[in-house]
Amino acid sequence: MSLIVQKFGGTSVADAKKICAAARRAYHAQQLGHQVVVVVSAMGKNTDMLVDLANQVCDDPHAREMDMLLSTGEQVSVALMAMAIHNLGGKAVSLTGGQIGVRTDSSHTKARIQSISTDRMRNLLDEGNIIIAAGFQGVDDDLNITTLGRGGSDTSAVALAAVLGADMCEIYTDVDGVFTTDPRVIAEARKMSNVSHDEMLELASLGAGVMHSRSIEFGKKFNVPIHVRNSGVFTDEPGSIIGPIGESEKRAVSGCALTKEEARITVLGVPDKPGVSLTIFEKLASVNVAVDMILQTAGTDGKADISFTVLESELNRALEAVNAAASAVGATKVTHAADVSKVSVVGLGMATQSGVADRMFRALAEAEINIEAITTSEIKVSCLVAREQGLAALRAVHSEFELGKPPEERVTFEDSLLAAKKAKETDAVAVVNRLQSMEDLTIHGVRLDDSQSLITLTEVPDSPGISADVFEAVSAANIVVDMIVQGIGANGKANLSFTVPQKDSDKAAGAAKSVAEKIGGVVDSQTGVAILSVTGVGIRSHTGVGLRMFRGLSQAGINVELVSTSEVKVNVVVAAEKGKPGLAALEEAFADVIG
Ligand code: ASP
Ligand code: MG
């Protein structure tokens, strides 16, 4: 018998009428012959209201009591939802996280799921009940109530779907699905029929809002197909499937996003030697600052510049830590910019196609937008721009990649359902075996790619269109660029580094030189560098991955020349002869989590 999980977010259970509508949906699904597990959030803005109350009675509420308080929101909605189903003549039982057996660690207000028992749910389902599960909550080993972090009901729903081997996890919300970008910001934004787990991971962490990013990590790890749809639409209008395949194999870009409140910090004149990045990022981690884009470019005189972005709200805390670290490592200066935003394009197709980055850079140049920094990963290109130009930048890339129009060769909704079904792990025993630590960091592997060369361009004037010129020239020579890193150096000039296949390094350096002749700049190429990468799931939400990498390499005395990060991968470039020892160092550093 098929089993579906239906999750109703706060707006979909905001009042009695909406609860009854959700109840009808669940009951209807059961009558169609499915077993049904419903996961609900707190009604409307209830959680916000509870947070507000807590802050009125206490300046600094204890996390344990916060969880005790916030978990009540979901307890209200599960009971009401069960009653509403009874009223329709159905059978339903509401359960709290603890009653289900959702075990988490003890980090209150941001707990991670460790395991979920299925016995009680199975029995209740077999007796013909609809299960109404409280989202967002669990219990630790001492039965303290814990919560998973704001927005955590999505994660509860996908986790339940994973352990129960559900055929589908439906996420009912107040939007029609996953859009090419936020439709409230760009009117041309279009609902996608399919998005791959990887693309969604990137988009969710870029603040695409629709779903809690940890829920997508579960989806990917346990191959749970997720259907995001609008609870306000009464027809069976499909939403978007988040599953194993994207909307189109041909299209390079599927979606784009703007992350507004970023701030950039640059540490200039860092001695280019092992352990330096480690010192800086350890210091940031020790004050709990999450670092986003990290880019290191070769500076002048054997010194490097390291830039990264943090949330603007954490800028002051970050600066304090970085200033201390900078003097410890002997860097010359720390600069920052508080008013920047990040515009990113994401697409599975760009992993195999060239000419995506340069199109993005050209589109920005044509809108007269200067790019302050660039980082790329296999399926994402991100550019940092002045905040006042953020919206214009988003608009420019959305239209450049024609995201408002459906792709010509489009994977249909039905195809994607079928692919999701096929990909689903059918071996329930294997899933259960992995449940011991459901939300642990999973590292798939460590890899060495020594087929690339590194081209660097320093002393380039910092003005719109420079990167577009460079990468158009490279792409015109039919060269596929892998990593791109651009930052601004001490003298206000831009530094640009990128990697290309070794066989193309002369051609690429030539193309870069021809551009440098026109605009200024010095080209250097280093044939045969090693790219070391760590791939896995949870790489960014488990913040320690970069640190572990830097630590492993630094202990082995290996200098990092370039860094780029994404949701599923961290890449670093090291000297060719350090490739093998670097690989060994990373294998050791991640030995306990490689699965
Ligand atoms: N009620 C919780 C919150 O508002 C969990 C959720 O809605 O997903 O954050
Ligand atoms: Mg929510």
Side-chain angles (χ1 to χ4, degrees), residues 5-15 18-19 21-22 26 37-55 61 63-82 94-100 102 104 107-113 116 131-139 145-162 169-175 177-178 200-201 203-205 207-219 224 226-232 239 242 438-439 541:
V5 172
Q6 297 186 325
K7 183 248 165 180
F8 294 93
T11 49
S12 308
V13 291
D15 55 36
K18 289 185 171 162
I19 291 178
V37 175
V38 174
V39 176
V40 279
S41 292
M43 294 171 66
K45 296 254 171 271
N46 204 348
T47 311
D48 290 334
M49 196 198 74
L50 293 171
V51 171
D52 190 50
L53 262 179
N55 290 326
R64 182 187 180 280
E65 304 311 328
M66 236 10 208
D67 280 353
M68 187 67 105
L69 177 69
L70 297 194
S71 64
T72 61
E74 273 69 14
Q75 203 172 322
V76 170
S77 9
V78 284
L80 291 171
M81 181 71 79
S94 64
L95 296 173
T96 64
Q99 288 171 333
I100 293 168
V102 176
T104 69
S107 15
H108 285 290
T109 73
K110 46 177 186 296
R112 282 181 176 273
I113 299 176
I116 300 177
I131 291 180
I132 318 293
F136 174 58
Q137 54 177 264
V139 289
I145 296 177
T146 54
T147 65
L148 308 181
R150 297 302 307 270
S153 296
D154 290 334
T155 296
S156 306
V158 182
L160 287 179
C169 180
E170 296 182 334
I171 303 284
Y172 285 96
T173 174
D174 54 352
V175 294
V178 181
M200 196 60 209
L201 266 176
L203 288 168
S205 80
V210 203
M211 283 186 78
H212 201 224
S213 58
R214 275 160 56 196
S215 67
I216 315 294
E217 291 179 14
F218 271 107
V224 181
I226 300 166
H227 185 179
V228 182
R229 50 199 313 200
N230 196 331
S231 60
I242 305 171
M438 286 192 78
E439 248 189 297
S541 66

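Residue numbers run from 1 in the order of the sequence given. In what follows, every heavy atom counts, from backbone to side chain, and hydrogens, waters and symmetry copies are set aside. Remember, it's 1-based here, ligands and their atoms both numbered in the order they're listed.
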Is the shortest heavy-atom distance from the side chain of [X] to the side chain of [Y] under 4.5 Å?
X      : Y      : result
Asp48  : Arg150 : yes
Lys7   : Asp154 : yes
Tyr172 : Arg229 : yes
Ile226 : Met211 : yes

Can Gly10 be said to touch ligand 1, with heavy atoms closer than 4.0 Å?
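In this structure, Gly10 fails to qualify as a contact of ligand 1 - no heavy atom is under 4.0 Å.
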Lys7 to ligand 1: N or O pair under 3.5 Å?
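It does not: no N or O of Lys7 is found under 3.5 Å from an N or O of ligand 1.
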Go through ligand 1 atom by atom and flag the ones less than 4.0 Å from a non-hydrogen atom of [X].
X      : value
Gly151 : 3 (C), 5 (C), 6 (C), 8 (O), 9 (O)
Arg150 : 3 (C), 4 (O), 9 (O)
Ser41  : 6 (C), 7 (O), 8 (O)

Could you see which bit of Glu74 sits under 4.0 Å from ligand 1, with heavy atoms only: side chain, backbone, both or neither?
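Side chain only.
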Consider side chain to side chain contact (heavy atoms under 4.5 Å, CB included). Of Gln75, His108, Met68, which one does Ile145 pass it with?
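Answer after filtering Gln75, His108, Met68: Met68.
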